[in-house]
Amino acid sequence: MLTLRTIQENPQEVIEKLAKKKFDAREIVNSIIGFTEAKNQTQMQADRAKAELNALSREIGQLMRQGDASGTQQARERTAELKESIRELDLVFADLDVKIRELLVLLPNTPHVSVPEGNSAEDNEVVRSGGSFPVLDENALPHWELASRYNLIDFELGVKLTGAGFPVYRGKGARLQRALINFFLDQARQNGYEEIQPPLMVNEASGFGTGQLPDKEGQMYHVTADNFYMIPTAEVPVTNIYRDVILENRDFPVKNCAYSACFRREAGSYGKDVRGLNRLHQFDKVEIVRIAHPDTSYEVLEEMVNYVESLVQKLELPYRIVKLCGGDMGFTSALTYDFEVWSGAQEKWLEVSSVSNFESFQANRLKLRFREEAGKKPQLAHTLNGSALALPRIVAALLENNQTPEGIRIPRALVPFCGFDMIP
RNA sequence: GGAGAGAUGGCUGAGUGGUCGAUAGCGGCGGUCUUGAAAACCGUUGUCCCUUUGCGGGGACCGGGGGUUCGAAUCCCUCUCUCUCCGCCA
């Protein structure tokens with residue numbers, strides 16, 4: 001959520017920036033400014049009436065102590081009128097406040113100046129790429145066939161137990177999962193991230209804090225009996241650790257990482273790209289979350305991108321880093337880099353990580369602030385997060401790219417974690 | 001599932017109708033003392049909003065919402081959450 005102040009102070013700038021995201025903000029911004037003016041006028045009137053009533057109440061206390069019955073009576077009569085107008089003004093105020101809030105949440109985050117113009121994924125900017133494409137036979141198999149040939153993943157069994165999109169990993173397939181999780185967590189720790197093991201269900205307040213609620217409610221599994229939501233990413237519980245928190249400058253840098261299972265309903269995305277591991281309802285992911293000083297958040301973003309790059313390099317996967325264009329960016333992000341790995345048999349790029357700076361957009365909702373120094377006013381911090389990494393598509397690429405006549409080769413960095421270097 | 005207790009400032013914990021935004025202790029910050037540190041002592045220490053060029057002025061907030069009253073942290077209603085004991089259980 002953008003701050004009211006930002007909109008009030010630079011309405012034109014907000015409108016121009018949002019145009020890059022293909023969002024026409026003119027009407028909303030103008031309404032917000034109009035309502036805010038009215039709200040402030042109302043508050044002035046209400047506050048004046050309240051000040052008078054407060055003074056009168058104090059006076060009545062004095063008069064009663066002095067035993068001045070007629071003075072007391074007189075003062076009391078004057079309060080009735082004040083109370084009535086306060087009641088009315090408060091109603092108007094609350095109404096305007098709700099209207100403003102409803103409009104504010106409609107506005108996406110403003111993109112960073114470096115975000116490229118563009119409408120869709122086609123216009124994204126490839127920042128750099130690395131690794132080398134695998135040389136595969138013509139009859140190279142897609143990962144879902146490899147998974148069943150080597151008895152690594154059973155998709156049909158998942159359907160029996162739960163439904164589509166809930167695969168069962170078994171044998172070396174399960175061990176590969178565990179190895180990847182441990183590898184990612186160890187790497188994160190070695191890079192200074194504190195490991196968090198968060199709850200996999202969150203309450204409503206947390207859902208609001210990171211912006212899943214109320215808009216994206218349909219994307220989360222809802223445990224209605226207790227009104228909990230299954231987390232779609234560890235970002236939700238980990239970032240909400242800092243909800244309503246005021247950090248001190250010395251608390252920086254905040255670097256957290258967390259492994260979690262992630263649950264997504266993916267409503268409305270059936271039909272395309274859902275084969276095998278490409279899109280699941282439950283999957284594993286290690287997430288990195290950072291809270292940064294506004295002055296350094298873009299340096300932090302670069303640092304995170306470099307870190308994620310080191311992971312795909314260690315896994316020996318061909319990859320490219322893409323800076324999303326305005327039209328392809330998420331609602332809450334100011335700048336996003338996507339990581340894609342090449343899936344040799346499907347012959348396409350698979351998104352395995354998305355690293356974003358949200359600036360103060362999330363922090364405003366979370367009321368996550370920091371204090372420059374003791375005695376100074378708190379200000380909003382910047383939040384960033386990224387996948388490091390999401391497992392399924394990594395597994396898909398590993399299986400496809402490393403298939404050989406003798407079996408599937410495990411990248412060297414992973415062998416100590418797997419305990420095997422080949423899936424024969 | 002049954003029974004009970006509670007929710008107050010960064011933390012602990014007072015406060016049951018009238019300068020209570022709130023006693024006190026701890027913590028934090030500043031200072032005195034000290035070669036330095038500790039201890040001791042003194043001072044200071046919430047958030048949000050409106051208004052003002054500035055100094056300042058005003059309003060709101062004691063889990064959320066509503067009510068009683070001239071006046072509510074304090075009384076009433078309601079919701080939520082937390083804790084303790086019993087039962088069940090990884």
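The sequence lines fix the lettering, A, B, ..., with proteins before strands; numbering per chain opens at 1.
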In whole angstrom, what separates Asp90(A)'s CG from rG66(B)'s P?
10 Å

Considering only the P atoms, how many Å lie between rC86(B) and rG30(B), rounded to the nearest integer?
49 Å

Which part of the nucleic acid does Leu56(A) contact within heavy-atom distance under 4.0 Å: base, sugar-phosphate only, or nothing?
nothing

In whole Å, measure the gap between the P atoms of rU80(B) and rC26(B) for me.
40 Å

Test: Asp90(A) and Lys50(A) ion pair at under 4.0 Å:
yes

Considering residues at least two apart in sequence or located in another chain, which fulfil the ring-ring contact (aromatic ring centres under 6.0 Å, His included) criterion with Phe370(A)?
Phe252(A), His293(A)

Can you see whether Glu88(A) engages Gln45(A) through a side-chain donor-acceptor pair at a distance of less than 3.5 angstrom?
no

Pull out every protein N or O sitting under 3.5 Å from an N or O of nucleotides 43-45 of chain B, one pair per line with the distance.
none

Starting at atom CZ of Arg250(A), determine the distance to atom P of rG10(B), rounded to an integer number of angstrom.
15 Å

For RNA chain B, report each stem as range with range, ordered by first number, or say none. Use Watson-Crick or G-U wobble pairs under 3.5 Å, at least 3 in a row.
B:1-7 with B:80-86, B:10-12 with B:24-26, B:27-32 with B:40-45, B:46-51 with B:56-61, B:63-67 with B:75-79

When you match Phe93(A) and Asp226(A) each to their closest nucleotide on RNA chain B, which lands nearer the 5' end?
Phe93(A)

Every protein N/O lying under 3.5 Å from an N/O of nucleotides 58-62 of chain B:
from: rG58(B); atom 1: N2; to: Asp47(A); atom 2: OD2; distance (Å): 3.1
from: rG59(B); atom 1: OP1; to: Asn54(A); atom 2: ND2; distance (Å): 3.2
from: rG59(B); atom 1: O2'; to: Asp47(A); atom 2: OD1; distance (Å): 2.9

Closest heavy-atom pair and its distance - Leu18(A), Asn109(A)
CD2-O, 3.6 Å

Check this for me, if you would: do Glu266(A) and Arg279(A) make a salt bridge, where the nitrogen-to-carboxylate-oxygen distance has to be below 4.0 angstrom?
yes

Within this structure, what is the CE-to-P distance between Met64(A) and rG71(B), rounded to whole angstrom?
12 Å

How many whole angstroms separate atom CG of Asp244(A) from atom C1' of rG64(B)?
14 Å

Within a 6.0 Å radius of atom CD on Glu81(A), are there more than 12 heavy atoms belonging to other residues, nucleotides or ligands?
no

Does Ser57(A) reach a base, just sugar-phosphate, or nothing at all? Heavy atoms under 4.0 Å.
base

Could you tell me which residues satisfy side chain to side chain donor-acceptor pair (under 3.5 Å) with Glu204(A), sequence neighbours excluded, listed by chain and number?
Asn227(A)

State, without any angle test, whether Glu340(A) and Tyr319(A) hold a side-chain donor-acceptor pair at a distance under 3.5 Å.
no

Starting at the 5' end of RNA chain B, which residue's closest nucleotide do you reach first, Lys83(A) or Gln8(A)?
Gln8(A)

Taking atom C1' of rC49(B) as reference, at what distance in whole Å does atom CZ of Arg101(A) sit?
12 Å

Could you please spell out the steps behind the side chain to side chain donor-acceptor pair (under 3.5 Å) verdict for Glu145(A) and Gln403(A)?
CA-CA 11 Å; Glu145(A) 287 184 26; Gln403(A) 56 185 305; over 6 Å; no

Rounding to an integer number of angstrom, what distance separates rA24(B) and rU8(B) when you compare their C1' atoms?
14 Å

For rC50(B), does OP1 or OP2 lie under 4.0 Å from any side-chain N or O of Arg5(A)?
yes

To the nearest Å, give me how far apart CG (Leu53(A)) and C1' (rU69(B)) are.
11 Å

Between rG18(B) and rA72(B) - C1' atom distance, rounded Å
10 Å

Quantified in whole Å, what is the C1' atom distance between nucleotide rC20(B) and nucleotide rG46(B)?
15 Å

Whole-Å distance between rU69(B) C1' and Ile86(A) CD1?
14 Å

Can you see whether His222(A) engages Thr224(A) through a side-chain donor-acceptor pair at a distance of less than 3.5 angstrom?
no

Please check if any side-chain donor atom of Glu316(A) sits under 3.5 Å from a side-chain acceptor atom of Asn402(A), or the reverse.
no

Take the protein atom CD of Gln41(A) and the nucleotide atom C1' of rU51(B), then report the distance between them rounded to whole Å.
11 Å

Determine whether the side chains of Asn240(A) and Arg243(A) contain a donor N or O and an acceptor N or O closer than 3.5 Å.
yes

Looking at Tyr259(A), I'd like to know if the NZ or CZ of Lys285(A) sits under 6.0 Å from its six-membered ring centre while staying within 45 degrees of the ring's axis.
no

Mind checking the C1' distance from rA7(B) to rU12(B)? Whole angstroms is fine.
15 Å

Distance, C1' atom - from rU74(B) to rG21(B), rounded to whole angstrom:
15 Å

Would you measure the distance from the C1' atom in rU44(B) across to the matching atom in rG9(B) and give it in whole Å?
16 Å

Taking the basic N atoms (NZ, or NE/NH1/NH2) and the acidic carboxylate oxygens, is any pair closer than 4.0 Å for Glu84(A) and Arg87(A)?
yes

Go through the side-chain N and O atoms of Ser114(A) and Lys323(A) and say whether any donor and acceptor fall under 3.5 Å apart.
yes

Output one line per pair: protein atom, nucleotide atom from nucleotides 46-48 of chain B, and distance, for all N/O pairs under 3.5 Å.
from: rU47(B); atom 1: OP1; to: Arg371(A); atom 2: NH1; distance (Å): 2.6
from: rU47(B); atom 1: O3'; to: Arg369(A); atom 2: NH1; distance (Å): 3.0
from: rC48(B); atom 1: OP1; to: Arg369(A); atom 2: NH1; distance (Å): 2.9

